Amino acid sequence: MRRISINRYRCAYCGACVAVCKFDANELVETFLTIHEDKCTLCMACVKTCPMQALEVEE
Amino acid sequence: MKTDYDVVVIGAGPAGSLAAKTAAENGLDVLLIEKRQEIGVPVRCAEGVSKEAIQQFVEIDRRWIAAEVVGAKVYAPDGTEIVMGEEMAGNEVGFVLERKIFDRHLARLAAKAGANVLVKTTATGIKRVDGLVEVSMRSMGENFNAKTKIVIGCDGVESRVGKWAGIDTTLKLGEIESCVQYLVTGIDFDPEYTYFWLGKSIAPGGYIWLFPKGNSAANVGIGVLPSMADRSPKEYLDRFMEEVFPEGEVVEVVVGGVPVKGPIETAVADNVMLAGDAARHSDPITGGGIANAMKAGYFAGTVAKEAVEKGDFSAIMLRKYDELWKNDFGKSLHRNKILQQKFIKMDDETLNKLARSIAGYNLGEMSVKKLVLELVKKNPRLLWDIKSLFI
Ligand SMILES: Cc1cc2nc3c(=O)[nH]c(=O)nc-3n(C[C@H](O)[C@H](O)[C@H](O)COP(=O)(O)OP(=O)(O)OC[C@H]3O[C@@H](n4cnc5c(N)ncnc54)[C@H](O)[C@@H]3O)c2cc1C
Ligand code: SF4
Ligand code: SF4
């Protein structure tokens, strides 16, 4: 299944990906980003926005 | 634990702390919650702000001032320099803050005014029940709810309070600056100035900045629009650092997103107000958001008081808050959104030409307005369509 994968070694927990998610599918608590796969539509907005390139689509 | 409040403020940045402080000073029962365990950390900011904006709300305390600046130097892609600001030291107009300390100071002022503060406490949802709001929270791992008349959502760029309340503040890829910043030491620059480098090839849809932080250290950072950039901001910044400051050592990395959406239609819903980055209050040209966040928090706090006095928490009552911020900084958000649209489309050659038209003498005042007015004066044909913005 395709999904967004998070490279936690790159992620700088800035929340920019949450700001662009139209589907309320991600959440940042402190340093921990969660993607709710049931809500994620794979729209790619977060992938394109992440300043650290910590997100990508995983086949 | 107390579970009934007049106001629950979600997020303890500048907006939230000012909202909580103002509401508490007005005699309301206030809870301020912050999901981080340390307020202000990690920093997501270049920390530049006008002196005036800060003085309006708090007494200056040297502990949270890293540097003071007299003006700005702006560079076109070909290196043409524009200087803005006071000629001499002693006329500092801008502060570079130490936000780790500043944000905590503001939260303490809120507490001092009587607000309850909870850290490591995340809002996980809101629900309207009988004209009030139930806020669900997770505090140090424990779930609990509090009832409140009003929620002020100050949850920053990653705001979810708006979404929960039915205010769509989602940012499109052309409405957020994707940013990376380094705290760099051991580089050579004039510590009395902030620096800006413009150009599509340097920072598509944004710019690179340098804000002095004292002791030959500076915040050097970049913002780009994801809709225009074909690489990550980090790659653009790394290239710039190699070319301009190869001798610098990076001692801190800051990452973040800044809303550059322009004014939203409304920042209120029944029982809910949004303030600061949560309401996309940061400036579309400069990306500055501290001053507006503080103002918005203050406005929201005062309207909360009025709403509680009247016992009316409806969106109609809270629109008063919309009026306040729109008539204040809302106007410049609107104007600067139009300016941003115009400037991000310019190619590097046009920017060079504009810069050359006013290069060589000091513009005096450090402001977007002053800069653009000078440019319009010298380039009436190229900029005819933005002239009316300033009349
Ligand atoms: C790289 C960068 C450089 C910048 N440079 C400048 C600058 O030089 N000058 C300037 O004026 N502005 C600058 N800004 C913008 C500025 O940082 C913001 O506009 C400002 O911090 C907004 O304040 P705020 O109170 O609205 O939000 P924030 O300061 O972001 O505070 C929001 C708080 O809410 C908390 N929160 C979020 N969700 C929840 C939840 N569910 N429950 C509890 N708490 C929650 C967060 O943890 C955070 O502490 C910059 C931004 C970036 C990213
Ligand atoms: S935008 Fe990137 S760096 Fe920022 S929180 Fe999301 S995944 Fe992490
Ligand atoms: S891919 Fe789209 S829907 Fe999924 S988390 Fe990212 S922004 Fe949200």
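Note that the structure is a prediction, hence the values are computed from the model and not measured. In what follows, chains are A, B, ... by sequence order, proteins preceding strands, each numbered from 1.
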Item to complete: Would you indicate whether the side-chain heavy atoms of B/N271 and B/V151 approach each other to under 4.5 Å?
Response: no
Response to the item:
Highest number of heavy-atom pairs under 4.5 Å with chain A among B/V224, B/V253, B/I176 belongs to B/I176
Fill in: Region of A/C50 in contact with chain B, defined by heavy-atom distances below 4.5 Å
backbone
Practice prompt. Would you check if A/L33 and A/L55 make a side-chain contact, meaning some heavy-atom pair closer than 4.5 Å?
Written response: yes
Discussion item. Check this for me: B/E249, atom CD, are more than 12 non-hydrogen atoms of other residues, nucleotides or ligands nearer than 6.0 Å?
Written reply: no
Chain B to chain A donor-acceptor contacts, backbone plus side chain, under 3.5 Å:
| unit_1 | atom_1 | unit_2 | atom_2 | d |
| --- | --- | --- | --- | --- |
| B/K35 | NZ | A/L28 | O | 2.6 |
| B/Q37 | N | A/E30 | OE2 | 2.3 |
| B/R44 | NE | A/C14 | O | 3.3 |
| B/R160 | NE | A/D24 | OD1 | 3.0 |
| B/R160 | NH2 | A/D24 | OD1 | 3.2 |
| B/K163 | NZ | A/V18 | O | 3.2 |
| B/K163 | NZ | A/C21 | O | 2.7 |
| B/L171 | N | A/A19 | O | 3.0 |
| B/S178 | OG | A/T49 | O | 2.7 |

Discussion item. Counting heavy-atom pairs closer than 4.5 Å to chain B, which one of A/A19, A/A12, A/C17, A/A45 comes out on top?
Written reply: A/A19
Worksheet item: Considering all heavy atoms of both residues, which atom of B/I10 and which atom of B/V135 are nearest to each other, and what is their separation?
Response: CD1-CG1, 4.3 Å
Worksheet entry | chain A contact via B/P259 - which portion, at a heavy-atom distance below 4.5 Å | neither
Practice prompt. Check whether any side-chain heavy atom of B/L183 sits under 4.5 Å from a side-chain heavy atom of B/V250, and report yes or no.
Written response: no
Worksheet item: Nearest 0.5 Å, what's the CG-CD1 distance between B/L106 and B/I39?
Response: 9.5 Å
Discussion item. Go through it in stages, so that I can follow the logic: the residues are B/Q340 and B/N336, the test is side chain to side chain contact (heavy atoms under 4.5 Å, CB included), and I'd like the CA-CA distance, side-chain angles, deciding distance and then a yes or no.
Written reply: CA-CA 6 Å; B/Q340 179 225 22; B/N336 287 0; over 6 Å; no
Fill in: Under 3.5 Å: donor-acceptor pair, side chain of B/N219, backbone of B/A46
yes
